[in-house]
2 protein chains.
Amino acid sequence: MQKQSVSDCLDPFIELCKKFDLKITPQRCAIYKELTQAKNHPTADEMFTIVKKEFPNISYDTVNRTLLTFAEIGLVDVILTKGGPRRFDPDMENHHHFHCIHCGKIVDFYSDEFDNLGIPDHIQDDFTVYTKRVVLNGVCQKCRKKKGFRDHGIAIQNKK
Amino acid sequence: MQKQSVSDCLDPFIELCKKFDLKITPQRCAIYKELTQAKNHPTADEMFTIVKKEFPNISYDTVNRTLLTFAEIGLVDVILTKGGPRRFDPDMENHHHFHCIHCGKIVDFYSDEFDNLGIPDHIQDDFTVYTKRVVLNGVCQKCRKKKGFRDHGIAIQNKK
DNA sequence: CTATTAAATAGGAATTATTCCTATTTGTCA
DNA sequence: TGACAAATAGGAATAATTCCTATTTAATAG
Ligand SMILES: [Mn+2]
Ligand SMILES: [Mn+2]
Ligand SMILES: [Zn+2]
Ligand SMILES: [Zn+2]
């Protein structure tokens, strides 16, 4: 009898479902498995397309609803965007995003300085803060190099 | 002859339109005027409802398209959200947002510490950064006090 | 192992948000 | 004042999400 492959290890997922009284359905397991693989920040529709391959008659609603449920139990994040379809982030580590306003690419980055930022006192007084995320907007290298690209915004310069 | 009221002063708006070769239409002026009043972070539909009062047969498409145009010329921001309708921010000063995950309220706050944050070097290498926004998620005071409210997330604590 | 039951699902309809299309109007400029 | 490109209104089309409900199924207890 062979040991199950690492990627099939659903144990922590199953524990979490039990903790929140969620049934362990094959649909949820399939969505979870694909989610852990996802490297970008997929939409519900993108996840639907992927999961459909191994689960041909899963419905879009199930995928979407499940992703929202996963967000509620802290298994996935809903990321901040300027509109467009909702995007999910399977990386729950504390990290931040760069958005290219030209091609729409969303790139993860990690920064201790950002992570260690304190919450302003006047905010701590009025709100209980759970998460803090920094979003940078700008243009990626690839887009900068595109022929005919003309700079519009004013770049933020670090003091040296 | 009376001097025009302060709130009617469209001069800077008109200059900006000329700079970008945009026609000065009564629709655009009306939308601009209401935008400067807006204190929250309105959706296109909310702006449509407001502008309709003084401009009864303006179309939704015109309001939406105009707001997107205003965003392009830097007259308004599109704010970061976790889905739902697109929201505009007429406050172009450098500031940040707190989102209540319970009632959906989005509250402005100002922080020199956040404003002065440097961009990580490895980001500066690969991207040209135009803007930097911090978003805090949590629960507002009012929601905390609601009967039956139960805390779920883990609050960020500042080191003292 | 079987019956019970509440939760979850599939599939489609409804709703919401945004964009597109096009005939008509209008601001700008010569 | 006339020519013309840009902008608008109104409606259609599309995209994204949520709702509805009959059916299935995971979990539980006997
Ligand atoms: Mn990410
Ligand atoms: Mn704001
Ligand atoms: Zn890019
Ligand atoms: Zn609240």
Side-chain angles (χ1 to χ4, degrees), chain A residues 10-11 13-34 41-73 75-76 78-88 104, chain B residues 10 13-32 34 41-73 75-76 78-88 104:
Chain A
L10 292 170
D11 291 357
F13 170 66
I14 288 172
E15 283 317 300
L16 199 65
C17 285
K18 282 184 180 161
K19 181 175 163 196
F20 285 94
D21 291 316
L22 298 178
K23 291 184 181 174
I24 323 277
T25 67
Q27 289 92 336
R28 281 176 177 160
C29 292
I31 294 166
Y32 172 77
K33 266 177 56 186
E34 289 304 331
H41 301 99
T43 63
D45 193 60
E46 286 163 358
M47 286 303 297
F48 176 55
T49 303
I50 293 168
V51 175
K52 223 172 147 64
K53 285 178 196 160
E54 51 179 302
F55 217 116
N57 58 346
I58 197 169
S59 73
Y60 171 83
D61 190 38
T62 294
V63 175
N64 187 242
R65 189 171 15 80
T66 300
L67 289 168
L68 290 173
T69 303
F70 285 178
E72 276 180 14
I73 67 176
L75 206 55
V76 74
V78 176
I79 72 175
L80 296 163
T81 63
K82 295 190 171 192
R86 190 191 283 128
R87 290 189 170 274
F88 297 90
Chain B
L10 292 171
F13 170 66
I14 287 172
E15 284 315 300
L16 199 65
C17 285
K18 283 183 179 163
K19 180 175 163 194
F20 285 93
D21 292 316
L22 298 178
K23 292 183 180 176
I24 323 282
T25 68
Q27 289 91 337
R28 280 176 178 160
C29 293
I31 295 166
Y32 172 76
E34 289 305 332
H41 302 100
T43 63
D45 194 61
E46 284 163 0
M47 286 302 298
F48 176 56
T49 303
I50 293 167
V51 174
K52 225 172 145 66
K53 284 178 196 159
E54 50 178 303
F55 217 115
N57 59 347
I58 197 169
S59 72
Y60 172 84
D61 189 39
T62 294
V63 175
N64 186 244
R65 188 170 18 79
T66 299
L67 289 168
L68 289 173
T69 303
F70 285 178
E72 276 181 15
I73 67 176
L75 206 54
V76 73
V78 176
I79 72 175
L80 296 162
T81 64
K82 294 189 172 192
R86 191 190 283 128
R87 290 189 170 274
F88 297 90

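Reminder, nothing fancy here: chain letters follow the sequence lines and each chain counts from 1. As a basis for the values below, the full set of heavy atoms in this structure was taken, side chains included, without hydrogen atoms, waters or symmetry mates.
The nucleotide whose nearest atom lies closest to any side-chain atom of A:Lys23 is, among D:dT17, D:dG10, C:dA7, C:dA7. Nearest to the side-chain atoms of B:Asp61 among the listed nucleotides D:dT8, C:dT9, D:dA9 stands D:dA9. Comparing C:dT28, C:dT9, D:dT17 against the side chain of A:Gln27 picks out C:dT9 as the nearest. Checking C:dA8, C:dG11, C:dT18 against the side-chain heavy atoms of A:Arg65 singles out C:dA8 as nearest. Closest to the side chain of B:Pro85, from the set D:dT17, C:dA17, C:dT9, is C:dA17.
Straight-line distance from the CE atom of A:Met47 to the C1' atom of D:dT17: 17 Å, rounded to whole Å. Atom-to-atom, NZ of A:Lys18 to P of D:dT28 comes out at 8 Å; the value is rounded to the nearest Å. Atom CZ in B:Arg28 sits roughly 14 Å away from atom C1' in C:dT25 (whole-Å rounding). Note: CG (B:Leu68) to P (C:dC20) measures 11 Å, nearest angstrom. The nearest whole Å value for the distance from the CZ atom in B:Phe20 to the C1' atom in C:dG27 is 19 Å. In this structure, B:Lys52 atom NZ and D:dT8 atom C1' are separated by 14 Å, rounded to whole Å. Atom C1' of nucleotide C:dT28 and atom CG of B:Asp21 are separated by 11 Å, given to the nearest angstrom. Distance, B:Tyr60 OH to D:dG10 P: 16 Å, rounded to whole Å.
Ring orientation note: the planes of B:Phe13 and B:Tyr32 are close to parallel, at an angle under 30° on the 30°/60° scale.
Looking at B:Thr43 and B:Glu46, their side chains come closer than 4.5 Å, going by heavy atoms from C-beta outward.
The residue among B:Phe55 and A:Ala44 whose nearest nucleotide of DNA chain D lies closer to the 5′ end is B:Phe55. Of the two residues contacting DNA chain C, namely A:Gly83 and A:Thr62, the nearest-nucleotide position lying further toward the 5' end is that of A:Thr62.
For the OP1/OP2 pair of D:dA7 and a distance below 4.0 Å, the side-chain nitrogens and oxygens of B:Thr66 include no atom meeting the criterion. Remark: A:Asn64 is not in phosphate contact with D:dA16, judged by side-chain N or O atoms under 4.0 Å from OP1 or OP2. Put simply, A:Thr25 has a side-chain N or O that comes within less than 4.0 Å of OP1 or OP2 on C:dT9.
Side-chain polar atoms of A:Thr66 and A:Thr69 form no donor-acceptor pair below 3.5 angstrom.
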Item to complete: Give the C-alpha distance, both sets of side-chain angles, the deciding distance and a yes or no for salt bridge (charged side-chain N to carboxylate O under 4.0 Å, His left out) between B:Glu34 and B:Lys53.
Response: CA-CA 11 Å; B:Glu34 289 305 332; B:Lys53 284 178 196 159; over 6 Å; no
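Using a 4.0 Å heavy-atom cutoff across all strands shown, A:Pro26 reaches sugar-phosphate atoms only and no base atom.
Aromatic rings of B:Phe55 and B:Phe48 (six-membered ring for Trp) have centroids beyond the 6.0 Å cut-off, not under it.
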